Chemist: 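Structure in structure tokens, see below.
In what follows, every heavy atom counts, from backbone to side chain, and hydrogens, waters and symmetry copies are set aside. Small disclaimer: the values here were computed from a predicted structure and weren't measured.
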Amino acid sequence: MEMSESVNVLGEKLEACGKDPITGFYRDGCCNVGPDDFGLHAVCAVVTDDFLEFSKARGNDLSTPRPEFGFEGLKAGDSWCLCAARWQEAFDAGSAPRVRLRATHQAALEKCVLDDLKAHGADLS
């Protein structure tokens, strides 16, 4: 799929989120979104054990390997494109992981509060 240049929540060119494991709805390493991404996988997060447990409790087990889908399972420290609404839900519950703002697509702002994302920013000094 041909993607136009994507923009992050800071108004800059979207940076890659993660290649190991390969992330993104389109498995291109970036949190690009498109019309077929109903979950809006726009937030580049550095997952934690706390978040992985939170997500599993909400019905989305991201830590268990699923080889039939080529998914090795996530571990703390992995960068992963999360659904924006799930990240905001985790934030509201006190379980949100850090966010790589430069790799978080601006579409995340449809579901997330920019100040909340910045409060968990992992890539700004």
Chemist: Output every pair passing side chain to side chain donor-acceptor pair (under 3.5 Å) with a member in residues 64-85, not counting sequence neighbours, ordered by first then second residue.
Modeler: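 The answer is Asp61-Thr64, Arg66-Glu68, Lys75-Asp78.
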Chemist: Salt bridge (Lys or Arg N to Asp or Glu O under 4.0 Å) with Arg100: which residues, sequence neighbours excluded?
Modeler: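 Counting only residues at least two positions away or on another chain, Arg100 forms no salt bridge (Lys or Arg N to Asp or Glu O under 4.0 Å).
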Chemist: Mind listing the side-chain donor-acceptor pairs of residues 109-121 below 3.5 Å, one per line with the distance, residues two or more places apart or on another chain?
Modeler:
from: Asp116; atom 1: OD2; to: Gln88; atom 2: NE2; distance (Å): 2.7

Chemist: Tell me, please, which residues at least two apart from Glu89 pass salt bridge (Lys or Arg N to Asp or Glu O under 4.0 Å).
Modeler: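 Per chain and number, Glu89 pairs via salt bridge (Lys or Arg N to Asp or Glu O under 4.0 Å) with Arg58, Arg86.
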Chemist: Quick one: side chain to side chain donor-acceptor pair (under 3.5 Å) partners of Asp50, sequence neighbours excluded?
Modeler: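 Result, side chain to side chain donor-acceptor pair (under 3.5 Å) vs Asp50: Ser95.
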Chemist: What pairs meet the ring-ring contact (aromatic ring centres under 6.0 Å, His included) rule with one or both residues in residues 98-119, with sequence neighbours excluded?
Modeler: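 Found none.
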Chemist: Which atoms form the tightest heavy-atom contact between Ala76 and Leu52, and what is the distance?
Modeler: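 Closest pair (atom of Ala76, atom of Leu52, distance): N-CD1, 4.1 Å.
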Chemist: With sequence neighbours excluded, what pairs up with Asn8 under the side chain to side chain contact (heavy atoms under 4.5 Å, CB included) test?
Modeler: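 Result, side chain to side chain contact (heavy atoms under 4.5 Å, CB included) vs Asn8: Leu10, Glu12, Leu14, Arg102.
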Chemist: Return the minimal non-hydrogen interatomic distance between Cys81 and Thr23, and the atom names on each side.
Modeler: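 Closest approach of Cys81 to Thr23, heavy atoms only: N-OG1, 2.8 Å.
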Chemist: Can you hop from Leu62 to Val46 via hydrophobic side chains spaced under 4.5 Å?
Modeler: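 As far as the 4.5 Å side-chain criterion goes, Val46 and Leu62 are not connected within one cluster.
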Chemist: So, using disulfide (SG to SG under 2.5 Å) as the criterion, who are the partners of Cys17 when residues are at least two apart?
Modeler: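 Listed in chain order: Cys44.
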Chemist: Could you list the residues that satisfy side chain to side chain contact (heavy atoms under 4.5 Å, CB included) with Ala45, not counting sequence neighbours?
Modeler: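 Partners of Ala45 under the side chain to side chain contact (heavy atoms under 4.5 Å, CB included) test: Leu82, Pro97.
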Chemist: Please identify each residue that fulfils side chain to side chain contact (heavy atoms under 4.5 Å, CB included) with Gln106, with sequence neighbours left out.
Modeler: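 Gln106: side chain to side chain contact (heavy atoms under 4.5 Å, CB included) contacts with Val7.
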Chemist: May I have all residue pairs that pass ring-ring contact (aromatic ring centres under 6.0 Å, His included) and include part of residues 35-61, sequence neighbours excluded?
Modeler: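 Pairs touching residues 35-61 that pass the test: Phe25-His41.
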Chemist: Between Ala107 and Val33, which heavy-atom pair has the shortest distance, and what is it?
Modeler: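 Taking every non-hydrogen atom into account, CB-CG2, 3.7 Å.
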Chemist: Check whether any side-chain heavy atom of Cys31 sits under 4.5 Å from a side-chain heavy atom of Thr104, and report yes or no.
Modeler: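 Sidechains of Thr104 and Cys31: no contact.
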Chemist: To the closest 0.5 Å, what do you measure between CD1 (Ile22) and CG (Asp28)?
Modeler: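 Here the rounded value is 7.0 Å.
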Chemist: Is it the case that one hydrophobic cluster holds both Val99 and Phe91, taking links as side-chain heavy atoms less than 4.5 Å apart, direct or via other members?
Modeler: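 In one cluster: yes.
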Chemist: Taking Asp123 for the side chain and Leu101 for the main chain, is one N or O donor matched with an acceptor at less than 3.5 Å?
Modeler: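 Yes, the answer is positive, given that a donor and an acceptor are paired below the 3.5 Å cut-off.
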